[in-house]
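Remember, it's a predicted structure, so these values are computed and weren't measured experimentally. In what follows, chains carry the letters A, B, and so on, assigned in the order in which the sequence lines appear, proteins first and then strands, with residues in each chain numbered from 1.
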Amino acid sequence: MRYNTWTILLLFSFFSFTALANNDKPEDKSVIEFSIKPLICIVKKPGDACSMTATVSWQSPKIINSCLYQGITKVACWLKQNKVTAVIEINIEENMEYTLKDDNHHIIAKQLITINSSLAKKYRRRLRAGWSLF
Amino acid sequence: MKYLIFLLFIFSQSVYAQCPPADSGCVPVGEWQFSIALGAGVITNPLNDGDNIPLVIVPNFSYYGEKVFVDNNALGFTFYERDALSFSAVSQINRENSFFQRWHPNNIFVNSLSNSIGSEAQLDEVIDAIDGSGGNDAEIIEVELGQVQERKWALDAGLQINWFFFQHSHFQVKLLHNINNVYNGLNAQLALEQPFTFTAIPNNLLTLTVGANWQSKEQVDYYYGIDEQDKVAEELYYQGKASLSPYLKFINQYAFNENWSLKLTLQREWLDSSLTNSPLVHDDVIDTFFVGVEYAL
């Protein structure tokens with residue numbers, strides 16, 4: 001009986017601590033569902049700029065104010081929303097991270113948009129005898 | 001000329017030669033390549049009183065587009081390229097004037113201190129030679145650089161053929177004609193290049209090149225000939241003939257990492273007698289030596 005009492009107390013304290021830890025989190029970012037589609041922009045050859053239309057959607061369990069950033073540039077903001085679907089124009093020259101930030105500029109979700117080229121990087125022979133001044 | 005350009009486009013090929021990225025002789029299309037070497041070296045000057053060209057900082061840059069390329073002092077357009085063979089139209093600065101002037105584009109980054117050393121003594125000798133007051137005229141058998149009329153820059157253009165064969169062997173031939181009305185002649189360059197790698201030293205690349213520089217009568221006569229415009233005794237007049245000067249080049253590069261490498265270059269060119277017979281020419285070889293570290297961006 002004594003053994004069972006200690007076991008119950010131990011289990012109780014463990015679950016209490018876990019619950020307390022969860023309550024201490026200021027915000028559970030994982031519950032924000034955030035997506036940008038498509039995630040990959042296809043360009044003709046390496047170095048080309050990417051231009052495409054993408055759909056941004058996010059969903060939060062509570063109503064929030066939020067803004068979408070392309071790198072450090074603000075793209076769009078939404079006031080008092082908990083679910084958004086929007087179409088944005090993407091113009092990037094390199095892989096770019098899009099972030100969703102709350103009122104306090106805390107990043108609550110992020111997504112990387114990558115550029116792929118349909119043609120692999122090409123190489124050609126250097127047409128010069130190596131390292132000569134003339 | 002417009003027909004030539006038209007023909008270049010007609011025969012222009014869009015197929016790339018196979019070129020593995022790991023091969024040091026391959027460069028990415030559409031990207032600039034920059035490197036700078038810092039060290040010690042010299043290109044000897046075969047002219048009487050010509051200053052050797054010190055090599056301290058040596059920049060190196062290239063850009064290879066799909067057809068157009070810039071490689072240091074050369075601009076080219078490749079109108080045919082296959083696995084083993086390519087044909088290009090090229091234009092480049094002629095080398096010879098670098099021995100006559102200090103401020104050649106290739107010498108911008110080198111130390112000019114040596115140029116000023118002894119300049120007063122040289123000036124006195126030149127004045128003496130022109131005035132005939134420097135002693136016994138019969139003893140003057142050479143013409144110094146300061147005595148002759150200034151030579152001009154020459155820009156050449158022509159055809160370049162590159163042939164790649166066996167294990168990275170590379171044969172290059174250029175046939176160029178002067179296009180800025182300086183010497184109005186031809187010159188040609190031949191080079192056979194063979195790189196060697198050693199399993200015991202995996203980061204080392206040794207490249208041996210044998211080649212030859214051919215200069216037409218017009219080019220030799222313009223740069224190394226002497227006539228009434230040069231204000232020297234008539235006995236010293238010299239009319240140039242075509243020349244063929246072979247050379248041997250040794251380049252060793254040891255890479256510390258992707259950016260830094262140690263580079264050693266040795267080259268000797270044996271000048272043809274049509275050059276060494278000129279009273280302007282003192283040495284019968286041109287030597288190039290450089291050792292230093294190179295940083296590739």
Nearest non-hydrogen partners of R128(A) and K174(B), listed with the distance: NH1-NZ, 4.4 Å
Part of Q253(B) lying under 4.5 Å from any heavy atom of chain A: neither
Within 6.0 angstrom of E93(A) CD, more than 12 heavy atoms from elsewhere: no
4.5 Å side-chain heavy-atom contact, L127(A) and Q160(B): yes
Check: R124(A)/T78(B) side-chain N/O donor and acceptor closer than 3.5 Å: yes
Results of side-chain contact (heavy atoms from CB on, under 4.5 Å) for L190(B) - residues two or more places apart only: F171(B), V173(B)
Side chains of S86(B) and R125(A) in contact at under 4.5 Å (non-hydrogen atoms): no
W163(B) atom CH2: more than 12 heavy-atom contacts under 6.0 Å: no
Closest non-hydrogen atom pair, Y123(A) against P28(B): CD2-N, 3.5 Å
With N204(B) via side chain to side chain donor-acceptor pair (under 3.5 Å) - residues at least two apart: N252(B)
